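Please read all numbers here as calculations on a predicted model, not as lab measurements. Numbered from 1 within each chain, the chains take letters A, B, ... in sequence-line order.
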2 protein chains.
Amino acid sequence: MQHSMPPLSALRAFEATARLGSVTAAADELSVTHGAVSRQLKSLDEHFGVALFVKSGRGIALTPHGERLQSGVGEAFARLKDSCAVLKHEVEEAPFTLACPGSLLARWLIPRLDRLNRELPQLKLKVVVSESEQPGKQTDVSATLAFSEPPWPENVEVMELMAEQICAVVSPQLAAHIDTAKPATLLANKLLYTASRPQAWPQWANAQGLELAQLEEALSKGQGFDHLYYLMEAAVAGLGVAIAPKLLVEDDLKSGRLIAPWGSIETPARLCLWLPNQTNSYRSEPLAAWLKRELGDEHC
Amino acid sequence: MQHSMPPLSALRAFEATARLGSVTAAADELSVTHGAVSRQLKSLDEHFGVALFVKSGRGIALTPHGERLQSGVGEAFARLKDSCAVLKHEVEEAPFTLACPGSLLARWLIPRLDRLNRELPQLKLKVVVSESEQPGKQTDVSATLAFSEPPWPENVEVMELMAEQICAVVSPQLAAHIDTAKPATLLANKLLYTASRPQAWPQWANAQGLELAQLEEALSKGQGFDHLYYLMEAAVAGLGVAIAPKLLVEDDLKSGRLIAPWGSIETPARLCLWLPNQTNSYRSEPLAAWLKRELGDEHC
DNA sequence: ATCAATATGTGAGATTTAGTCAACTGTTAG
DNA sequence: CTAACAGTTGACTAAATCTCACATATTGAT
């Protein structure tokens, strides 16, 4: 009495065969060969010690025992399929919430959001400003887009999208008064910075071969902002020279609202997509692919 | 949308775990290690792209998604188990019908039937006289017991129980008038035979070194019977010398109603249990074992 | 009648799935 | 603070399942 249950795969084969009235059709539905289904049915016969099908012409037909089994098993499998389909549907129809820092959201993602939604409508994408400092921490988001430096924690999946590049930017009006050929002349100007990225100016200065002490002094005469977003607005307004991820000023450089006379440098940070553990890859992969494509296009 | 169904074994692990509230308990019920169940659950999470359980203290608890899945899947599995149990019960409770030739039934099986039923009550044994000449042919019986000669057809399972032995038997009263030392003297007596076993006398005569021509002549003076059963009654009544399977006269020999002065010889035939293809081995094996034991005991 | 087409059954071997074992992490209770 | 418990995971192994190719049986068409 211990094991009245036969192997489940055999029951599934039975259910499909009984419903479709054909071994071959059932095999087709289950994406296996008819031989595989035939074996499963034989194993069921042996399990129950009674024939569930009899040959009928060149096909098969249920025996009375088979018919009685089918009535219950058919309903059970219908229930099973329905339950799984409902859950799958719930998961797929749920909006995909992408968290992202405000500056990246405002200056890069939002201008592209309409196209993203048109190209990946099945995501039902929702974007929110990320609140936590650690991207993987928020549990109520499907993914987080952010610049961050390796190493990354182990219990989350982090997809690297591109290296961060930063550049010093200035309004064209202000640039007219600077000798942009020599980086050092920059230090005479008002430097704009944000506390959220204290390493940005030192990294840039270092790459340009400038003395850190000189930079410190220049910064002390500069202006700080709470947020990268305000910093960039200040640069556009011609308040001074700002340092910013190239990605966030790309549109401004193209439109001529800002210029970056000293080029850009790569930092150790990477633009990453952080995925909590159980994120459905069917949903995150198209988004990752779209982001990579979008970022790649901009480089050309 | 193709494959909304995860592997069924993973669903079963989920159902048991959700119902019992514990991976270890589920593993126990399914007779596997907890590691195996843990893997199955993980594969389900990945299939649906959502966590179905969360760690809760040192155990686990269903997530809202998990709870919704459980409600349907639990019922479906209950249905499945019930359907299988019902069928299994039907098969096990159905009487086991054993067919058997009339003579074997009357002179060997019926005297032992009460004990057989007492020792194997779960069989709910029913015996019927076999109608078909070919033992495997009848479809409405669970098994057929009969003497038959190899080779046997391929599509039925035939279990050999013992070699057939035949012996010439005579009533003690009649034996008093025969010189039983020499087989040849037998030919002077009235030979009793049945058309259903034409080879019996020739086989016996051959084994005793008698001429077939002489036998033919003796047989022509003898008496034929429709059925082995009448033949044996005739021998008991002292009408002449009969030839019969030793098994069928064993009880008569023991009681002294018949004697077999010339011993017995083995024929190519075997006492066999014929099993149609889908006979449940859980039911036929105890019967076969009982028969073998019974036959073995008689040889001692 | 014979041949092609259709449907199912089966032996042998390959592949995939699922399971075991043992080590590891985290939690609770004494 | 240790021991017992509950679950997860890496590496390996065992077993179930599938495929392929061939065999058998029925049906319909030439």
* To do: Step through the shown structure and confirm whether more than 12 heavy atoms of other residues, nucleotides or ligands are within 6.0 Å of NZ on A:K81.
  => yes
* To do: Start with the C-alpha distance between B:W274 and B:V141, add both sets of side-chain angles, then the distance that settles side-chain contact (heavy atoms from CB on, under 4.5 Å), and finish with yes or no.
  => CA-CA 10 Å; B:W274 295 62; B:V141 300; over 6 Å; no
Checking [X] now: which residues fulfil salt bridge (charged side-chain N to carboxylate O under 4.0 Å, His left out) with it, not counting sequence neighbours?
X: A:R270; value: A:E160, A:E266
X: A:R79; value: B:E75
X: B:E90; value: A:R68

* **Phosphate-side-chain proximity, A:S38 and C:dT10, N/O vs OP1/OP2 below 4.0 Å** => no
Measure the distance from [atom1] on [X] to [atom2] on [N] and round it to the nearest whole Å.
X: A:L52; N: C:dG9; atom1: CG; atom2: P; answer: 12 Å
X: B:L20; N: D:dG7; atom1: CG; atom2: P; answer: 11 Å
X: A:I60; N: C:dA7; atom1: CD1; atom2: C1'; answer: 9 Å
X: A:D28; N: C:dT6; atom1: CG; atom2: P; answer: 14 Å
X: A:L41; N: D:dT17; atom1: CG; atom2: C1'; answer: 14 Å
X: B:L62; N: D:dG7; atom1: CG; atom2: C1'; answer: 15 Å

* Asked: Start at the 5' end of DNA chain D and walk down; is the nucleotide closest to A:S43 or to B:T24 reached first?
  ->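 Final value for this comparison: B:T24.
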* To the nearest 10 degrees, what angle separates the axes at the start and end of the helix from C:dA1-D:dT30 to C:dG30-D:dC1, five pairs each? ->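 One end axis against the other gives 30°.
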* Could you write nucleotides 11-30 of chain C as a row of B, S and -, 5' to 3', where a protein heavy atom under 4.0 Å of any base atom gives B, of only sugar-phosphate atoms gives S, and otherwise -? -> BB-----SSB------BB--
* Asked: Looking at CG of A:L125 and CG of A:L120, how far apart are the two atoms once the value is rounded to the nearest 0.5 Å?
  ->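 Between atom CG of A:L125 and atom CG of A:L120 there are 8.5 Å.
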* Asked: Going from CG on B:D45 to OG1 on B:T63, what distance comes out if it is rounded to the nearest 0.5 angstrom?
  -> 8.0 Å
* To do: Considering non-hydrogen atoms only, spot the tightest contact between B:L62 and B:Q70 and give its length.
  =>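 Here B:L62 and B:Q70 meet closest at CD1-CB, 4.2 Å.
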* To do: Check ring pair (Phe, Tyr, Trp, His ring centres under 6.0 Å) between A:F53 and all other residues, then give those that pass, not counting sequence neighbours.
  => A:F14
